[in-house]
A.B. asks: 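The structure is given below, and queries will be raised subsequently.
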Amino acid sequence: MLAFWGSVLALFVSVLLLVFAAAPYYRKYIAGGVCKSTAKLNGKVVVITGANAGIGKETAKDFAGRGARVILACRDMAKAETAACEIRSKTGNQQVIARKLDLANTKSIREFAENFLKEEKELHILINNAGVMLHPYSKTADGFEMHFSVNYLGHFLLTFLLLERLKQSAPGRIVNVSSLAHHGGRIRFHDLQGEKCYNRALAYCHSKLANILFTRELARRLQGTDITVNAVYPGIVSTELTRHSPVLDTLRKSVPFLLKTPPEGAQTSVYCAVAEELESVTGKYFRTSKTLKISVSLTGGWTECDILLYP
């Protein structure tokens with residue numbers, strides 16, 4: 001019996017040592033690629049939605065470090081002001097400004113756009129980053145299901161309202177933050193607001209698929225305007241996006257080493273916004289590491305779209 005437990009202990013120690021030995025390689029794989037572009041953004045104006053925390057905040061910090069004038073478009077102004085102050089302090093760039101934007105309210109979106117167009121004469125980069133995930137069923141003030149409204153419709157309207165300023169300031173770039181979850185989505189025209197059947201995980205998938213389709217169609221319509229539009233999958237990142245799921249939020253906080261950090265998750269958005277080699281690349285879907293295919297379902301029929309990756 002003693003020999004048996006000795007063997008079990010030896011096996012446990014061996015596994016533990018293997019895990020420790022493999023940990024650095026796992027972290028490197030999880031972290032993914034890094035944007036190596038040193039492009040400066042002096043004189044450029046950038047709008048980032050949901051930039052008070054997580055990937056959006058890290059993206060804003062990177063752009064501020066490159067010299068851009070960065071507008072943090074956020075729902076929670078207290079957090080936005082705190083984030084703006086922190087970024088100004090860390091980068092030395094005083095052109096980091098917080099502005100109110102609630103993507104679940106079309107009135108707020110229109111007010112943001114109206115004020116922006118009055119205050120800013122140029123816009124060069126728009127990062128549609130904000131989002132919600134696994135939100136319990138609810139409708140916005142305009143009657144839209146929350147995931148569909150915040151993740152897709154709100155950004156659709158914001159982009160439409162700012163598009164002419166982007167064209168006037170060309171060249172410009174639009175980056176839509178999507179998700180690998182789009183593979184599980186389909187556009188349910190007969191029940192867009194989830195009134196007949198609602199599953200919050202699928203609602204998130206549907207909205208992220210809408211981001212992909214929006215990206216491809218807008219890119220097609222903007223051919224010849226010197227404005228590029230691309231979608232990105234940042235990876236599985238440790239952010240507050242899991243706040244509506246106690247289980248996932250607990251896991252996120254318990255095993256953060258299994259997830260990307262926000263700075264690591266921001267790399268794909270930064271790359272698509274600044275990399276010189278992407279000046280004319282549009283209508284694509286980016287992520288780090290290995291190749292994926294975009295599966296698109298409208299009414300049940302699936303097709304696969306092309307994508308482009310960076311090392």
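When a residue number appears, it is its place in the shown sequence, counting from 1.
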A.B. asks: Asp142 side chain to Phe144 main-chain N or O, any donor-acceptor pair under 3.5 Å?
C.D. replies: no
A.B. asks: Between the main-chain N or O of Lys167 and the side-chain N or O of Thr225, is there a donor-acceptor pair closer than 3.5 Å?
C.D. replies: no
A.B. asks: Please answer whether the main-chain N or O of Val270 pairs with a side-chain N or O of Asp62 as donor and acceptor at a distance below 3.5 Å.
C.D. replies: no
A.B. asks: Could you tell me whether the side chain of Glu58 and the main chain of Pro262 form a donor-acceptor pair under 3.5 Å?
C.D. replies: no
A.B. asks: Can you confirm if the aromatic rings of Phe214 and His155 lie within a centre distance of less than 6.0 Å?
C.D. replies: no
A.B. asks: Without swapping roles, check the side chain of Asp226 against the backbone of Gly172 for a donor-acceptor pair under 3.5 Å.
C.D. replies: no
A.B. asks: Between Tyr271 and Glu277, is there a side-chain donor-acceptor contact under 3.5 Å, judged purely by atom types and distance?
C.D. replies: yes
A.B. asks: Tell me whether Asn211 contacts the main-chain N or O of Ser178 through its side chain, where contact means a donor paired with an acceptor under 3.5 Å.
C.D. replies: no
A.B. asks: Walk me through it: do Leu103 and Arg75 pass the test side chain to side chain contact (heavy atoms under 4.5 Å, CB included)?
C.D. replies: CA-CA 8 Å; Leu103 289 164; Arg75 179 179 58 84; over 6 Å; no
A.B. asks: Between Arg69 and Glu120, does any NZ, NE, NH1 or NH2 come within less than 4.0 Å of an OD or OE carboxylate oxygen?
C.D. replies: yes
A.B. asks: Using a strict threshold of under 4.0 Å (side-chain N to carboxylate O), is an ion pair present between Glu119 and Arg99?
C.D. replies: yes
A.B. asks: Would you kindly say whether Glu276 and Ser37 are connected by a side-chain donor-acceptor distance under 3.5 Å?
C.D. replies: yes
A.B. asks: Return yes if some donor-acceptor pair links the side-chain N/O of Asn129 with the main-chain N/O of Gly50 below 3.5 Å, else return no.
C.D. replies: yes
A.B. asks: So, Tyr198 and His147: side-chain donor and acceptor under 3.5 Å apart, yes or no?
C.D. replies: yes
A.B. asks: Tell me if a side-chain donor or acceptor on His206 pairs with a main-chain N or O of Arg186 at a distance below 3.5 Å.
C.D. replies: yes
A.B. asks: Is a side-chain donor-acceptor pair under 3.5 Å present for Thr159 with Asn128?
C.D. replies: yes
A.B. asks: What do the steps show when you test Asn176 against Ile127 for side chain to side chain contact (heavy atoms under 4.5 Å, CB included), and what is the final call?
C.D. replies: CA-CA 6 Å; Asn176 297 321; Ile127 309 291; over 6 Å; no
A.B. asks: Under a 3.5 Å distance rule, please check whether Ser108 uses its side chain to pair with a backbone N or O of Asp102 as donor and acceptor.
C.D. replies: yes
